[in-house]
Amino acid sequence: MKLSRQFTVFGSAIFCVVVFSLYLMLDHLQLDHTKNPGNGERLQNGQLLLLQDKIDRLERLLAENNEIIANIRDSVINLRESVKDGRGMPDSGNFSQGGSELLPSVPLVLPIDKGDCQFSARLYSKVADGVQMLDIYDLLSFDNPDGGVWKQGYDITYDESEWDNEPLQVFVVPHSHNDPGWIKTFDDYYRDQTQHILNNMVVKLHEDSRRKFIWSEISYFSKWWDNIDEQKRDAVRSLVSRGQLEIATGGWVMPDEASTHYFALIDQLLEGHQWLERNLGVKPKTGWAVDPFGHSSTQAYLLKQAGFSNMLIQRVHYSVKKHFSIQKTLEFFWRQNWDQDQSTDILCHMMPFYSYDVPHTCGPDPKICCQFDFKRLPGGRISCPWRVPPQPITDSNIQQRAVMLLDQYRKKSKLFRTKVVLAPLGDDFRYTEALEWDQQFHNYQRLFDYMNSHPELHVKAQFGTISDYFEAMRKAAGVDPSGASAVAPSLPILSGDFFTYADRDDHYWSGFFTSRPFYKRLDRMLESYLRAAEILYSLALAHIQKAGDKPSDFPAVENYKLLTAARRNLGLFQHHDAITGTGKDWVVVDYGTRLFHSILNVKRVIVDSAHWLVLGNKKAYNHDPSNPFLQMDDVQPAQDSLPRKTVLKVGAQPRPVVVHNPTDQIRVSAVTVYVNTPRVRVLTAQGQSVSAQISAVWEGTTQASTEAYQLTFFAQVPSLGLAVYQLVEGAELRTSEAKYVFLKQGGGLSVSGAEHFSVSIPQEPVSVSIENPHLQLWISPSTGLLERLKLKEDGSEHQVKVEFMWYGTTSSKDKSGAYLFLPDGEATRYSSSQPPVIRVTKGPVYSEVTTTFTHVTHTVRLYNIKGTDGQAVEIFNTVDIRGEINHEIAMRITSDLNSQDRFFTDLNGFQVQPRRTLARLPLQANFYPISTMMYLQDSSRRLTLLTAQSLGAASLKSGQMEVILDRRLNQDDNRGLGQGVLDNKLTANSFRLLLEKRLPAVENEKISPVSYPSLLSHTSEMYLNHPLIPMAMSLGSATMPLVPFSPLTSSVPCDIHIVNLRTIQSKEEGGGPSDQAALILHRKGFDCGFSNMNTGLLCTTTRGKVNLRKLFAELTVRGMTPVSLTLMHTPQSGQIQQEISLKPMEISTYRLQLS
Ligand SMILES: [Zn+2]
């Protein structure tokens, strides 16, 4: 009875689908008709009438079966999209027919709407009173004259009467800079300093309502909060509500802005803001970044998107500070380079002097200002290096002291356009003891009282928070208080960024771009795993909710806690002494251990979520934490070692391997797993065999393992989905062994353990070349390094020469260290003491050349596939410089591109910033941070180096680019760390090299401050940073049917990136998940000036439109609210019904309820 009813429902559903498909077909044809009249004429009138008739019938049906139709419609659209984008083929059996026959269904030419190209092609127009940082660098002479008391500045003078009509307003902002790890670990700092600062804060602020304080790092604040009682929490809440305590920025940390990726920058801001909203009910509106080593416009954009109005920065090149002081442009609206409608403007204050400590914040003369740091009163632990100590303020000295301090305030105010002056009052880990609070607050209050009671001084001085300052300053400047869009003519607009930072002389902070590269890579790996875990977990939760009967043993709360801990550990590592590699050795180990544990934990979340999602019969779900159903195929043995692949046992029973695609579009990419036998077949879920390559696992340069083999095959996986493959032991025609050729100058090679493979060691000189459908590479048989590259598209050949280089450190007093790069001149070419061993691998899935030097093992690989993975050269290096003294190793790529002094580096993986190499600057000043890419171009080509870890990079000569891979430095560089960098590890780094033909360039390119990667380059970068994730079914698991999982109705548009789908924490106690998730989307800016041939992309662009209601297959979007980046603000417009629209480069967040 039940069965027949189901059958009826199913039957009518099918009927509806058929009719609806016809309707859609008509719809489609009509669309084509309007676009292309010739197409429509082919339709016979009769056919049209017939279809019209069917539509009438359909409409009657629709009226009757509205509800069923609504449900089915999703599946139909899904089906249509699948057919359209080629996802219709259910498995990979169809396309793995060898080299050039791959992916027959992919369109040769990627269709891009012309409208989507207007953005990148738009001409740049300079705004009036606009400051473009690229131009500033042209202007500056970078001389370094002695400026007197303000060493890097100049003598400031003023006229006594200047404030007669409008008194000077002074805001003294007490602050304490708490590094979440540096000389001590996060926990040690908390125990020894931070908890006391915060405890004293509650007492001391309550003593006098005029006192103020600001706090930034929520990592510390939340830890303290967990340890205080409810009474103290109430006291804190009242301080906040009275405006005495302000949370500035409120991220998990004060992040580095050079080496960080925007995924993690957003994540740590979101984590801090979510914590604040849940516990304090606070919405920060002002950014505070006094210590990051240079400032990125990406951070300005993110703060703006989070609803901030103001921000403050400090570490900017001293020459820029001086120039801005003269021009009075230290306060400006920071606008993104690409922004033409003023929507990204955020008011920014740049601190003018050397440091954020008291000697460098009250005014230009540190000798004077130091006397107003009352922690340095005689008898204390610290004193003034200028040898004039502070004096306690007494009735007898107050007049003289007040006038002296006011003189500094007045001089400082001369650098700004308003008569409001900001004087931060604090330093690292200040206000630990009650005494220090009393010293500062009592003495300053006396000075304020004196100043304010003497009208002839024309000053109003007070304690303030940073927002108090901005409020007064905006009022004085005539800027609308909300700062939403209106720009005051009284303040300039600035675009660009503030790298590379120098604090004095030729001390450029470009060393930290690379320092501790092992952990920079580990950070990126955690980012990719965490994102995959967040998305799969959110999807699993929504699907479980939809299924209604919640499986009691899905570890929803437990996994949520793992995710939360991982977010916080990743957040902690974004701190400006963590990812920068500028902490003490044991602090680095502490960070590394946190990253390492978090990688293990988020892998568990991935495996647990994937388990539920691929299960054919959800009723059979059983969560056994001691024996997870799936296992990741690699294990990292310790925080400081490289991950190792586990060897999968393959037998006569098919062993399922589930593959996750963490990228946004359907994708065909190579997957490599280690197996215990060279005789193995790869089958799809349906049992069709897939072509695969068996390669040796090399234990030494010439020694192959006899217990493990590499199995590589192309997996096709839907966007954010899961595909299922099976491994079976046995002979298989479609699995081919790789063939090896070994070369070494002077001979003397013997290869062992490679019995299953064809190995040749030619005695005569041979040429070394590998190729795929897109590229052919020539490698020097003597150096083993790439020399030439051919684009098969047009047969053109290009010089692309790879070399390794050494940098030493200068012989003068100040040498390179964790922060600074002070080389001893140009790099020298690396040459191994031994001739390198060259191993050439050729096979049906990939070919590669691995060259082993003493300090580097270098591999260039080509995937034998048409499309994204085949278009770029993959480069892996394993670097080991542990035996060196004061050496840095770089990879240099020399091409024949005529790029002159121009090159391009990304900022935080979010945007591209054009750069110029300036001959008048020292070599180290021309290095910039790269997080995901750098490129060079001339009129006809662009050469892009994509990177899977943040490093320092430069283009010192036309056509040349280089990245520093690791640095080993024997000394401290006098920035407080007190040690060198000698904890080097065996470090892996990966890159992709992409040579693209350019269409004729736009005319004003030379002066354009914007540039964008191509879509192919964007995709290739995503593939590099987010590889497919294979998971094997555990051997002990019961065999049960697994079904592939496609969470999206189709690939999202090519230029849309799902930054995250992050389940929001429940408001209830316990820290479990709520039923809502934050969907963060980024519409990437891209350059259309490249060939769209053979990109392998199965997507198109939509002018930024995404139908969120139809984005998820099978899931219903119940609530959908646009919110600010970190969910703090909900705009008036409220819920969106259907389609959203993103502007190019825009990042938008939506609060979703899925089930
Ligand atoms: Zn710091």
Side-chain angles (χ1 to χ4, degrees), residues 173-190 192-194 197-198 213-221 223 247-260 264-265 268-269 272 287-296 299 311-316 350-351 353-361 375 382 424-432 466 498-499 501-504 507 509 511-513 515-516 519 571-588 590-591 817-820 929 972-979 981:
V173 178
H175 70 100
S176 179
H177 180 67
N178 280 235
D179 291 307
W182 181 39
I183 304 302
K184 296 182 186 178
T185 63
F186 171 73
D187 288 330
D188 286 353
Y189 272 137
Y190 175 78
D192 299 346
Q193 277 119 318
T194 309
I197 298 168
L198 291 166
F213 196 61
I214 61 166
W215 191 265
S216 280
E217 301 81 7
I218 302 306
S219 47
Y220 277 130
F221 202 87
K223 187 179 171 75
I247 303 292
T249 315
W252 202 247
V253 296
M254 183 187 290
D256 166 54
E257 300 179 23
S259 303
T260 43
L265 282 175
Q268 67 85 27
L269 194 61
W288 174 261
V290 289
D291 203 22
F293 321 145
H295 294 281
S296 166
Q299 181 69 357
M311 63 186 292
L312 172 144
I313 57 173
Q314 149 60 18
R315 290 199 186 267
V316 172
M350 180 190 292
M351 290 169 62
F353 307 123
Y354 172 75
S355 165
Y356 54 86
D357 61 10
V358 184
H360 296 95
T361 46
K375 189 191 162 86
I382 53 166
L425 180 71
D427 205 337
D428 293 359
F429 295 97
R430 280 301 188 89
Y431 301 99
T432 47
I466 185 65
F498 300 104
F499 290 115
Y501 172 56
D503 57 348
R504 55 184 187 243
H507 293 190
W509 296 42
F512 83 90
F513 300 156
S515 294
R516 269 78 174 243
Y519 295 98
L572 196 71
F573 196 66
Q574 307 313 306
H575 163 50
H576 56 265
D577 291 306
I579 193 167
T580 50
T582 54
K584 288 275 194 194
D585 285 354
W586 60 87
V587 178
V588 172
D590 182 62
Y591 290 132
Y819 304 87
L820 306 183
D972 183 47
D973 52 4
N974 301 311
R975 294 303 184 281
L977 178 59
Q979 63 156 78
V981 182

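Whatever order the structure lists them in is the order used to number ligands and atoms, beginning at 1.
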- Query: Taking all atoms of both residues into account, what is the closest heavy-atom pair of Ile183 and Trp586, and its distance?
  - Reply: O-CZ2, 3.3 Å
- Item | Pairing residues for Asp590 by the side-chain hydrogen bond (donor to acceptor under 3.5 Å, both in side chains) criterion, not counting sequence neighbours | Arg594
- Task: Measure centre to centre between the rings of Tyr220 and Phe186, then say whether the value is under 6.0 Å.
- Result: yes
- Query: Looking at residues at least two apart in the chain, or sitting in another chain, which of them share a salt bridge (Lys or Arg N to Asp or Glu O under 4.0 Å) with Lys584?
  - Reply: none
- Query: Can you name the side-chain contact (heavy atoms from CB on, under 4.5 Å) partners of Val290, sequence neighbours left out?
  - Reply: His177, Met254, Trp288, Leu312, Gln314, Met351, Tyr356
- Which of parallel (below 30°), tilted (30 to 60°) and perpendicular (above 60°) describes Trp215 and Phe221? tilted
- Item | Under 2.8 Å from the Zn ion (ligand 1) - protein N/O/S, by chain and number | His177 NE2, Asp179 OD1, Asp291 OD2, His576 NE2
